[in-house]
Amino acid sequence: MSGRNPAPRRSYGGRSAEERRADRRERLLAAGLELFGTRGYAATSIERLCATASVSTRNFYEEFSGREELLLALHKDINERASEALTTAYADAAGSDLPTRVERAVRAFVTVTASDPRWARIAFVEVIGVSAGLERHRLRWRSRWEDTLVAMAREAVARGEAGDRDYHLTMIAIIGAVNNLVHHWSARNQDIPLDNITAELTRLILAAVTIPK
């Protein structure tokens, strides 16, 4: 057979190029979480990100086109984890009454998005007003959260626990309340227990959907 065998992939320190690149990406994500979540997006330069992550500027641009793509990756990560946690908690409480189902879902969401104030700042503050592209990304996620909450309300209607009406505007208002309350918690140096945040949001949702007695 003609030709030569492909050259083996190099490894350094027992790690392949792919492993080293994955490590660099994780360090950049960790640097973005720390700096965007404490100093803020506008106050963080690529040079500062690279210094914090101990990577070169060239390595940065191998992973991200710029700071905005790094912020988008972090925002996508927190929303995906929060969505999975909420969905799982709500499904696990399927046999419970509406107040229990809502409380479990809210607690799962708050635990993921607000247990670390850096994530809360990225999810609810730093992502706003960066660019038209990032705003479209944020609005797509808001639409997904709206669909999730409306589906929960429709299930409550089917169980006779909620009034039968259109809940889309209600859930848009709820999302705004969630964002502002968690932002308020983050901005006040977390002096409000997260259990209080969970309880208040649960009461708000239940008040919006349950049938008055």
For [X] versus [Y], what's the shortest heavy-atom pair and its separation?
X      : Y      : value
Ala53  : Arg27  : O-NH1, 2.7 Å
Ala82  : Trp145 : C-CH2, 3.7 Å
Gly163 : Val157 : O-CG2, 3.2 Å
Val127 : Leu71  : CA-CD2, 4.2 Å
Ile122 : Gly32  : CD1-O, 4.2 Å
Ala120 : Ala114 : CB-CA, 4.3 Å

Flag the pair [X] / [Y] as yes when at least one side-chain heavy-atom distance between them is below 4.5 Å, and no otherwise.
X      : Y      : value
Leu28  : Arg25  : no
Arg48  : Arg39  : yes
Val130 : Glu135 : no

I'd like to know whether Asp195 forms a salt bridge (Lys or Arg N to Asp or Glu O under 4.0 Å) with Arg107, so could you lay out the CA-CA distance, the side-chain angles of the two residues, the decisive distance to 0.1 Å, and finally the verdict. CA-CA 8 Å; Asp195 282 348; Arg107 183 172 297 278; 2.8 Å; yes

Distance from [X] atom [atom1] to [Y] atom [atom2], nearest 0.5 Å?
X      : Y      : atom1 : atom2 : answer
Ile174 : Leu204 : CD1   : CG    : 4.0 Å
Asn59  : Ser54  : CG    : OG    : 11.0 Å
Ser56  : Tyr61  : OG    : OH    : 11.5 Å
Ile197 : Thr202 : CD1   : OG1   : 11.0 Å
Leu86  : Met152 : CG    : CE    : 5.5 Å
Arg24  : Leu29  : CZ    : CG    : 13.0 Å

Is the shortest side-chain N to carboxylate O distance from Glu161 to Arg101 below 4.0 Å? yes

Would you call Asp164 and Arg154 a salt bridge, taking side-chain N to carboxylate O under 4.0 Å as the test? yes

Same cluster for [X] and [Y] if Ile/Leu/Val/Met/Phe/Trp/Tyr side chains link at under 4.5 Å?
X      : Y      : value
Ile175 : Val110 : yes
Leu70  : Leu33  : yes
Ile78  : Leu181 : no
Ile128 : Leu134 : yes
Leu74  : Val182 : no

Partners passing salt bridge (charged side-chain N to carboxylate O under 4.0 Å, His left out) against Glu84 (at least two apart in sequence or in another chain): none

Residues that Glu68 engages under salt bridge (charged side-chain N to carboxylate O under 4.0 Å, His left out), provided they are two or more places apart: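 Checked Glu68 against salt bridge (charged side-chain N to carboxylate O under 4.0 Å, His left out); zero matches.
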
Under the side chain to side chain donor-acceptor pair (under 3.5 Å) test, which residues partner Arg144, sequence neighbours left out?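 Not a single residue meets the side chain to side chain donor-acceptor pair (under 3.5 Å) criterion with Arg144.
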
Out of the candidates Ile205, Leu98, Thr198, Leu206, only one should pair with Glu103 under the side chain to side chain contact (heavy atoms under 4.5 Å, CB included) rule; please name it.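 For Glu103, the side chain to side chain contact (heavy atoms under 4.5 Å, CB included) check succeeds only for Thr198.
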
Under the criterion salt bridge (Lys or Arg N to Asp or Glu O under 4.0 Å), which of Glu63, Glu62, Glu26 is the partner of Arg21?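 Exactly one pass, corresponding to Glu63.
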
What do the steps show when you test Thr111 against Leu194 for side-chain contact (heavy atoms from CB on, under 4.5 Å), and what is the final call? CA-CA 8 Å; Thr111 297; Leu194 283 179; over 6 Å; no

Contacts of Asn180 that satisfy side-chain contact (heavy atoms from CB on, under 4.5 Å) - sequence neighbours left out: none

Which residues satisfy the ring pair (Phe, Tyr, Trp, His ring centres under 6.0 Å) test with Tyr41, sequence neighbours excluded? Phe36

I'd like to know if the side chain of Asn79 reaches the main chain of His75, judged simply by a donor and an acceptor atom lying under 3.5 Å from each other, with no hydrogens or angles considered. yes

When you measure from the side chain of Thr100 to the backbone of Ser96, do you find a donor-acceptor pair of N or O atoms at a distance under 3.5 Å? no

Test log, rule side-chain contact (heavy atoms from CB on, under 4.5 Å), inputs Glu80 and Trp141: CA-CA 9 Å; Glu80 287 179 343; Trp141 267 107; 3.6 Å; yes

What verdict does the side-chain contact (heavy atoms from CB on, under 4.5 Å) test give for Ser143 and Leu139, after you've listed the backbone C-alpha separation in whole Å, the side-chain angles of each residue and the deciding distance to 0.1 Å? CA-CA 6 Å; Ser143 180; Leu139 292 177; over 6 Å; no

Step-by-step side-chain hydrogen bond (donor to acceptor under 3.5 Å, both in side chains) determination, Arg165 to Thr170: CA-CA 10 Å; Arg165 61 181 181 82; Thr170 301; 3.0 Å; yes

Ring centre gap for Trp119 and Phe124 strictly below 6.0 Å: no

Using only heavy-atom distances, determine whether the side chains of Tyr90 and Glu155 contain a donor-acceptor pair under 3.5 Å. yes

Any side-chain donor near an acceptor of the partner, Arg67 and Ser45, under 3.5 Å: no

Give me each pair satisfying salt bridge (Lys or Arg N to Asp or Glu O under 4.0 Å) with a member in residues 117-128, each pair once, sequence neighbours excluded. Glu34-Arg118, Asp116-Arg118, Arg121-Glu126

